[in-house]
Amino acid sequence: MKLGRLNHIGVATPSLEKSIAYYRDVMGATIAHEPFDLPAQGVKVCFVDTPGENGTAGTQIELIEPFDASSPITAFIAKNPAGGQHHMCYEVADIHEAKAWFEGLGKRVLGEPRIGAHGTPIFFVHPKDMNGVLTEIMETPKEAH
Ligand SMILES: C[C@@H](C(=O)O)C(=O)SCCNC(=O)CCNC(=O)[C@H](O)C(C)(C)COP(=O)(O)OP(=O)(O)OC[C@H]1O[C@@H](n2cnc3c(N)ncnc32)[C@H](O)[C@@H]1OP(=O)(O)O
Ligand SMILES: [Co+2]
């Protein structure tokens with residue numbers, strides 16, 4: 001498998017509103033859109049943009065708040081009430097090839113690929129199989145970003 005760019009770092013939070021204010025007012029970040037709900041993923045999402053080189057978009061921070069009690073991040077927030085770093089997301093060219101690669105190495109892929117916050121297929125690999133880091137793999141969007 002050929003690793004692509006680091007697309008985003010997922011940060012879990014008990015309050016999107018408070019986290020947005022922090023990244024805007026303390027970190028000086030641009031928040032380019034309103035938060036949105038992804039009930040199928042069990043989260044409410046807001047992306048914080050960081051600038052890349054020569055005016056390009058850099059790596060994003062993905063703020064995620066539980067959508068409801070059945071959210072996959074409910075247990076994480078219970079253990080980390082102030083929130084915290086939750087996952088790293090890397091791009092790949094072909095999601096099915098990447099899934100086969102990790103499965104071939106005996107790593108636990110958590111469910112089938114599904115459409116993520118950028119509109120392309122994603123899957124997660126269990127943190128205990130990935131040196132302690134919950135790892136998200138996403139297919140690179142077709143348009144430039
Ligand atoms: C919108 C989308 C997108 O970008 O497009 C997203 O990102 S959605 C992002 C939210 N969606 C997801 O995360 C989906 C995939 N995640 C999951 O299925 C779950 O969160 C699991 C990774 C299976 C963990 O589930 P849960 O916390 O309920 O299980 P658990 O409490 O039994 O945890 C099992 C062990 O893993 C550890 N653990 C749990 N979450 C962790 C994390 N984020 N990073 C590192 N370690 C973690 C726990 O401390 C525990 O270790 P000990 O046993 O040593 O105590
Ligand atoms: Co993510």
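Order of listing sets the numbers, starting from 1, for every ligand and every atom in it. Since we're looking at a predicted model, the values are computed, not measured.
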Nearest neighbour in protein (non-hydrogen) for atom 18 (O) of ligand 1: L110 CD1, 3.8 Å
Closer than 2.8 Å to the Co ion (ligand 2): does that hold for any N, O or S atom in H87? yes
Checking contacts here: is it the side chain or the backbone of A117 that comes within 4.0 Å of ligand 1, counting heavy atoms only? Could be both or neither. both
Should one rank G111, C89, A40, P72 by closest heavy-atom distance to atom 12 (C) of ligand 1, which comes out on top? P72
Could you see which bit of T74 sits under 4.0 Å from ligand 1, with heavy atoms only: side chain, backbone, both or neither? neither
With heavy atoms under 4.0 Å as the rule, classify the contact between V133 and ligand 1 as side chain, backbone, both or neither. neither
Atom 44 (N) of ligand 1 [closest protein heavy-atom partner, distance rounded to 0.1 Å]: H86 O, 3.8 Å
What's the shortest distance from atom 52 (P) of ligand 1 to any protein heavy atom, and which residue and atom give it? K128 NZ, 3.6 Å
May I ask you to identify, for K79, whether its side chain, its backbone, both or neither come under 4.0 Å of ligand 1 on a heavy-atom basis? side chain
Using a 4.0 Å cut-off to any heavy atom of H8, which atoms of ligand 1 qualify? 4 (O)
At what distance is the nearest protein heavy atom to atom 15 (C) of ligand 1, and which residue and atom is it? F124 CG, 3.6 Å
Within a reach of under 6.0 Å around CG of D25, are more than 12 heavy atoms found that belong to other residues, nucleotides or ligands? yes
Would you find more than 12 non-hydrogen atoms of other residues, nucleotides or ligands less than 6.0 Å from Q85 atom CD? no
Could you find the nearest protein heavy atom to atom 2 (C) of ligand 1 and give me its residue, atom name and distance? E62 OE2, 3.7 Å
Residue, atom name and distance, where the atom is the protein heavy atom closest to atom 45 (C) of ligand 1: G132 O, 3.3 Å
What protein heavy atom sits nearest atom 26 (P) of ligand 1, and how far off is it? A75 CB, 4.1 Å
Check: H118 N/O within less than 3.5 Å of ligand 1 N/O: no
Between the Co ion (ligand 2) and C89, is there an N, O or S atom separated by less than 2.8 Å? no
Taking distance alone, with no angle check, do E136 and ligand 1 share an N/O pair under 3.5 Å? yes
Could you find the nearest protein heavy atom to atom 39 (C) of ligand 1 and give me its residue, atom name and distance? P127 CG, 4.5 Å
